[in-house]
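A, B, ... follow the sequence lines: proteins, then strands. Residue 1 opens every chain.
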Protein chains: 2
Amino acid sequence: MCVDKEHKYLCAAGGILSIISKKWALLIIYKLGTRGRLRFTDFSTELDTINPQALSETLKDLVSEGLIERESFPEVPPRVEYFLTPEGQTLWELVKPLIQWAAERDYRDKDRCDKICRKKMCHSKNSPCKRELQNERKNNNL
Amino acid sequence: MCVDKEHKYLCAAGGILSIISKKWALLIIYKLGTRGRLRFTDFSTELDTINPQALSETLKDLVSEGLIERESFPEVPPRVEYFLTPEGQTLWELVKPLIQWAAERDYRDKDRCDKICRKKMCHSKNSPCKRELQNERKNNNL
DNA sequence: CAGTATCCAGCGCGATACTG
DNA sequence: CAGTATCGCGCTGGATACTG
């Protein structure tokens with residue numbers, strides 16, 4: 001596998017992709033990078049109603065990738081915290097400028113942000129974008 | 001839309017995701033970043049049998065994102081070249097360290113590369129990985 | 001050569017209900 | 001609280017054939 005150096009690089013890129021391309025993975029890393037430790041439900045509220053199923057899966061993936069760590073406290077009610085591993089922090093340092101670059105692009109082209117919002121981040125029922133869209137539609141149908 | 005600064009950042013991340021998460025987009029940028037100008041069929045051979053349909057769509061997306069540019073020459077047979085725009089080069093500069101980081105991880109953990117290869121990069125019929133996998137299976141069935 | 005047209009499969013993800 | 005179980009849809013991307 002990964003027969004030559006070139007192909008190895010492609011594999012590596014593929015590996016990053018398989019991590020990053022999960023819809024919520026980068027945002028989870030973003031949140032942990034800026035906020036520090038977070039609990040399961042923190043993500044639910046922070047990430048604009050990601051559903052527990054997708055969240056659970058993505059967290060597991062990131063844990064098994066060694067990018068975040070899970071610490072559970074033997075309390076009632078249970079408490080679990082997630083945080084970046086050193087390796088995750090390294091990734092975060094690389095991802096941060098990427099997000100900043102993206103934010104600047106959006107700033108220069110305001111329509112982009114809206115389009116992206118609609119397409120990628122506003123599927124969830126109660127997201128701010130979704131509500132705005134629903135209002136728009138209402139008004140258009142009048 | 002993008003109601004507050006935080007949400008704007010999430011949108012930006014979503015924008016990056018929508019670009020990057022296309023299976024072949026990063027690799028196209030990688031190839032253009034390292035090779036310079038490339039033609040349509042160059043990608044087909046460079047990228048281990050990506051199919052023309054997916055390639056065509058991804059290229060269009062990247063063009064409409066302003067990350068790459070398409071130049072067609074009025075010749076017979078037709079010739080078309082793709083290359084990074086300045087904006088695309090900026091992205092490439094940000095993506096490069098990401099890929100290097102990924103390559104180093106894979107180097108430390110050899111199994112990772114194999115797994116990723118299988119999962120993400122070896123779907124196409126004639127990829128080196130695919131052929132190796134088929135051989136493996138044959139041997140196991142003996 | 002540089003694509004387009006079609007058809008189809010897999011799965012990522014959303015919604016919802018349930019549990020230790 | 002921190003998840004798991006189940007179901008279903010839509011989109012991405014693969015294979016193949018065709019065209020200016």
Side-chain angles (χ1 to χ4, degrees), chain A residues 14 17-28 37-63 68-83 116 118-127 129-130 133, chain B residues 14 17-28 37-64 68-83 118-127 129-130 133:
Chain A
L17 286 178
S18 73
I19 299 168
I20 279 181
S21 69
K22 297 220 88 180
K23 181 171 175 185
W24 300 101
L26 251 192
L27 299 183
I28 287 171
R37 292 175 161 251
L38 287 176
R39 303 172 62 173
F40 192 88
T41 37
D42 290 337
F43 291 111
S44 300
T45 54
E46 290 274 341
L47 292 179
D48 206 13
T49 64
I50 180 177
N51 73 45
Q53 223 277 334
L55 176 57
S56 168
E57 264 180 35
T58 309
L59 287 173
K60 271 183 191 162
D61 286 356
L62 291 173
V63 168
I68 70 175
E69 207 166 302
R70 193 192 109 114
E71 185 175 7
S72 110
F73 300 87
E75 301 173 0
V76 181
R79 180 161 61 100
V80 174
E81 291 182 357
Y82 293 89
F83 54 96
I116 290 159
R118 290 170 202 239
K119 193 178 159 197
K120 292 293 269 187
M121 289 297 135
C122 298
H123 286 316
S124 49
K125 200 172 53 179
N126 294 314
S127 78
C129 289
K130 194 79 163 199
L133 274 177
Chain B
L17 286 178
S18 73
I19 299 167
I20 280 180
S21 69
K22 297 220 88 180
K23 183 172 174 185
W24 299 100
L26 253 190
L27 300 182
I28 287 172
R37 292 175 160 251
L38 287 174
R39 303 172 62 172
F40 192 88
T41 36
D42 289 337
F43 291 111
S44 300
T45 52
E46 289 275 340
L47 292 180
D48 204 11
T49 62
I50 179 176
N51 72 47
Q53 223 277 333
L55 176 56
S56 168
E57 265 180 36
T58 308
L59 287 173
K60 272 183 191 162
D61 285 356
L62 290 173
V63 168
S64 79
I68 70 176
E69 207 168 303
R70 194 192 108 114
E71 186 175 8
S72 108
F73 301 86
E75 303 173 358
V76 181
R79 180 162 59 101
V80 175
E81 291 182 355
Y82 294 89
F83 54 96
R118 291 171 201 238
K119 193 177 161 197
K120 293 292 270 188
M121 290 300 134
C122 297
H123 286 315
S124 49
K125 202 172 54 181
N126 294 314
S127 77
C129 288
K130 193 80 163 200
L133 274 177

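Judged purely by atom type and a 3.5 angstrom limit, D61(B) has no side-chain atom pairing as donor or acceptor with the backbone of T58(B).
Evaluation of the side chain to side chain contact (heavy atoms under 4.5 Å, CB included) rule for T41(B) yields no partner, not counting sequence neighbours. With sequence neighbours excluded, the residues satisfying side chain to side chain contact (heavy atoms under 4.5 Å, CB included) with S56(A) are F40(A), K60(A). The salt bridge (charged side-chain N to carboxylate O under 4.0 Å, His left out) test applied to R37(A) returns E71(A), E81(A), not counting sequence neighbours. Partners of L26(A) according to the side chain to side chain contact (heavy atoms under 4.5 Å, CB included) rule, which considers only residues two or more places apart in sequence or in another chain, are I20(A), V95(A), L17(B).
Put simply, CG on L62(A) and CD on E57(A) are 11.5 Å apart, with the number rounded to the nearest 0.5 Å.
L27(A) has its side chain out of reach of I50(A): every pair of non-hydrogen atoms, C-beta onward, lies at least 4.5 Å apart.
Closest approach to the N51(A) side chain among dG14(C), dG13(D), dC13(C) is made by dG14(C) (side chain taken as heavy atoms from C-beta onward).
The nearest whole Å value for the distance from the NZ atom in K22(A) to the C1' atom in dG12(C) is 7 Å.
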Stepwise side chain to side chain contact (heavy atoms under 4.5 Å, CB included) check, L38(B) with F43(B):
CA-CA 7 Å; L38(B) 287 174; F43(B) 291 111; 3.7 Å; yes
Once Watson-Crick and G-U wobble pairs under 3.5 Å are found, how is DNA chain D written in dot-bracket notation, 5' to 3', with | for any base paired to another strand?
||||||||||||||||||||
What are the atom names and distances for every N/O pair under 3.5 Å that joins the protein to nucleotides 2-4 of chain D?
residue : atom : partner : partner atom : Å
dA2(D)  : OP1  : R39(A)  : NE           : 2.9
dA2(D)  : OP1  : R39(A)  : NH2          : 3.1
dA2(D)  : OP1  : V80(A)  : N            : 3.0
dA2(D)  : OP2  : T41(A)  : OG1          : 2.9
dG3(D)  : OP1  : R70(A)  : NH1          : 2.3
dG3(D)  : OP2  : Y82(A)  : OH           : 2.7
dT4(D)  : OP1  : K60(A)  : NZ           : 2.8
dT4(D)  : OP2  : S56(A)  : OG           : 2.4
dT4(D)  : OP2  : K60(A)  : NZ           : 3.4

